[in-house]
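These notes concern the structure reproduced below.
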Amino acid sequence: MLYQPEIELMPRAQMRELQSRRLREQVDYLYKNVPFYKKKLKEAGVDPAAIKSIEDIHKLPFTKKTDLRDNYPFGLVAVPQTDIARIHCSSGTTGKPTVVAYTKGDLDIFSECIARSLTAAGCRPGMVMQNAYGYGLFTGGLGLHYGAERLGMAVVPVSGGMTERQIMLLQDFGTDAICCTPSYALTIAEELARQGIDKSKLKLKYAVLGAEPWTESIRASVEAGLGVTATNIYGLSEVMGPGVSQEDHEEKGTGSYIWEDHFFPEIVDKDTGEPLPEGQTGVLVFTTLTKKAMPVLRYWTNDITSIYYDTTGKRTHVKMGQIIGRADDMLIIRGVNLFHTQVEAVLQNFTELTTNYQLLVKRDGKMDEVEVNVELGTGLYNALGRQPLTTDLINSNDRLSAMYRSLQKKIKDNIGLTMKVHLMAPGEIPRSEGGKTNRIIDTRKKD
Ligand code: ADP
C-alpha cells in the first residue's frame with residue numbers, strides 16, 4: 001500500500017519538472033524574503049533568474065550549520081512572526097542547538113511525509129502506535145505523533161524512558177507499532193527478556209527506528225528481541241525532522257526512499273563540495289522545495305551516505321543508503337579515517353558478542369589510541385559462571401581466548417588499526433533511555 005500513489009509513483013521526467021518548478025519558486029522566495037540568502041546569492045554571483053531547472057542546483061552556494069548558528073534564533077525565517085506555528089531545536093548532539101520554525105502549511109507537509117513513511121514501514125490506519133521518541137524540542141516526538149494521527153493511527157504519546165512502563169503499555173494497549181531510536185528498541189528488547197515475557201504474546205508487529213546510525217546487526221537483534229519488522233526512518237530538524245526518508249518494510253536493506261517532491265538530495269565530495277555521481281559515497285546535501293517558514297538551500301547535513309535509483313523498488317523516488325557516520329564524527333586515528341559503524345560491522349561477526357559497544361579514544365603521549373568496550377552475550381557469560389572477565393580468565397578459557405584473538409585480528413585486518421578490546425559483562429555499558437546513544441567517548445584534549 002502507498003499513502004500517496006500519485007506522488008510516490010510519479011515518473012522521473014514529471015518529478016524533474018515538479019522539482020525544477022519548485023526550486024525556481026524556492027530560490028526566488030528566499031531571495032525576496034531572507035536578507036541572508038539575498039546576500040549569499042549575490043556574493044556567489046548567482047542571479048535567481050539563472051536557476052531554470054533542477055540541474056542548475058549546483059550553481060547555488062551551500063548552507064551550513066554555522067549559518068543557522070550565526071543567525072540564531074530567527075535570522076533565517078522567511079515569514080512574519082505571526083505566521084509561525086511551531087518552533088523546534090535540533091537535539092544538539094554536536095554543539096549548541098539550532099532553531100527551526102514551521103508555518104501551519106509546513107507542519108501539514110511534515111505530517112504528510114510521516115504518514116507516507118509510516119505506511120511504507122507497514123503501519124495502517126486503525127493500528128496503535130506507541131511513540132517512544134522524546135517529546136519536546138526534539139522533532140521526533142511531535143513529528144511522529146502528528147504524522148501517525150494523520151495516517152489514522154491511535155497514538156500513545158509515552159515519550160522515551162521508563163522502560164518498564166513501556167512494556168506494560170505494549171502488553172495492555174495491544175500496541176501494533178513502536179517508534180524510537182534503535183538503541184532504545186534494544187533496551188526495551190532486553191527488558192522484555194529480563195522480565196521473561198513471551199514476545200509472541202505481544203501484538204507488536206512494526207518498529208520504526210531512526211535519529212541515530214544503526215546497522216543490520218542491530219536490526220536483527222531488535223527484530224528477534226521484539227518480534228517485529230524494523231525499518232529505518234531518517235531526517236534532520238534543519239530540513240524538517242524525521243520522515244525525510246523511509247525504508248519500505250518489504251524492501252529492507254535496500255535503502256530508504258527520500259520524499260524528493262519536498263527534499264532534493266545531492267551527494268557531494270566532503271572536501272571539495274563537488275557533486276558525486278549516483279552510487280558514490282559522500283556528504284548528503286538537501287534543498288527544501290516547499291518549505292515556507294525556514295527553507296534551506298543546499299544544506300550540508302554532514303551525514304555520509306550514497307543515493308541511487310532502485311529500478312526494482314515499489315516507488316520511483318530515489319533511495320539513500322544507511323548513514324555510515326557524520327563527517328564531523330569521523331575519527332582520524334594515526335592517519336586512518338574511522339567511523340564507529342566500521343567497528344560495529346566487525347563485532348557483528350561474533351555470535352558470542354552483543355551489539356552493545358563503545359569506543360574510547362585516548363591520547364597516550366603523542367599517539368592516539370582507540371579501545372573497544374563490548375559486552376559478551378548472556379549465553380557465553382552464563383557458561384563462564386558469570387565471573388569477572390579478567391585477562392586471566394580470558395587466557396585460561398580456550399573458547400574465550402580464541403574469540404578474543406580473532407576479534408583483535410579482524411579489527412586490525414578490516415580497519416587497519418590495532419585496538420585494545422575490553423570484554424564486559426552483559427548490562428555493563430550504560431543503556432539508552434530514549435535519546436541518542438553516544439558510541440564514542442573521546443577523552444583527547446582539544447588543542
Ligand atoms: P542533531 O543534529 O543535534 O542530532 P537532529 O535531531 O536534527 O539534531 O538530528 C539529525 C541527525 O540525526 C541527522 O543529521 C543524522 O546524523 C542523525 N540521524 C537521524 N536519523 C537517522 C537515521 N535513520 N540513521 C542515521 N542517522 C540518523
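Counting starts at 1 for both ligands and their atoms, following the listed order. As the structure is a computational prediction, the values presented were derived from the model and not from experiment.
The shortest N/O to N/O separation between W214 and ligand 1 does not fall below 3.5 Å. Between L209 and ligand 1, not a single N/O pair is under 3.5 Å apart. The shortest N or O to N or O distance between T301 and ligand 1 is not below 3.5 Å.
Between F138 and H88, the ring centre distance reaches or exceeds 6.0 Å. Between F110 and Y102, the ring center distance clears the sub-6.0 Å criterion.
The contact set between ligand 1 and K65, taken as ligand atoms under 4.0 Å from a residue heavy atom, comprises 2 (O). Close contacts of ligand 1 with I233, meaning ligand atoms under 4.0 Å from a residue heavy atom, involve 20 (N), 22 (C), 23 (N). If you number the atoms of ligand 1 from 1 as listed, the ones under 4.0 Å from a heavy atom of G235 come out as 10 (C), 13 (C), 19 (C), 20 (N). Remark: ligand 1 atoms within the under-4.0 Å shell around heavy atoms of F138 are 6 (O). For ligand 1, the atoms sitting less than 4.0 Å from at least one non-hydrogen atom of G210 are 23 (N), numbered in the order shown with element in parentheses.
If you look at N232 next to ligand 1, the close heavy atoms, those under 4.0 Å, all belong to the side chain. Contacts with ligand 1 closer than 4.0 Å are made by backbone heavy atoms (N, CA, C, O) of E212 only, the side chain lying farther away.
Note that OH of Y308 is 12.0 Å distant from CE of M320, once rounded to the nearest 0.5 Å.
Figure legend: R298 and F286 shown without cation-pi pairing, the cationic atom not lying both under 6.0 angstrom from the six-membered ring centre and within 45 degrees of its axis.
For the residue pair Q348 / E216, no side-chain donor-acceptor distance below 3.5 Å is found, with atom types taken as modelled. Donor-acceptor pairing under 3.5 Å is recorded for the side chains of D310 and T312. Between Q358 and N438, the side chains place no donor N or O within less than 3.5 Å of an acceptor N or O (distance only, hydrogens not considered).
Within the structure, ligand 1 lacks T139 among the residues with a heavy atom less than 4.0 angstrom away.
Two residues are said to be in side-chain contact when any heavy atoms from C-beta on lie closer than 4.5 Å; T119 and Q4 fail this criterion.
Relative to atom 15 (C) of ligand 1, the option among T98, D303, I324 with the closest non-hydrogen atom is D303.
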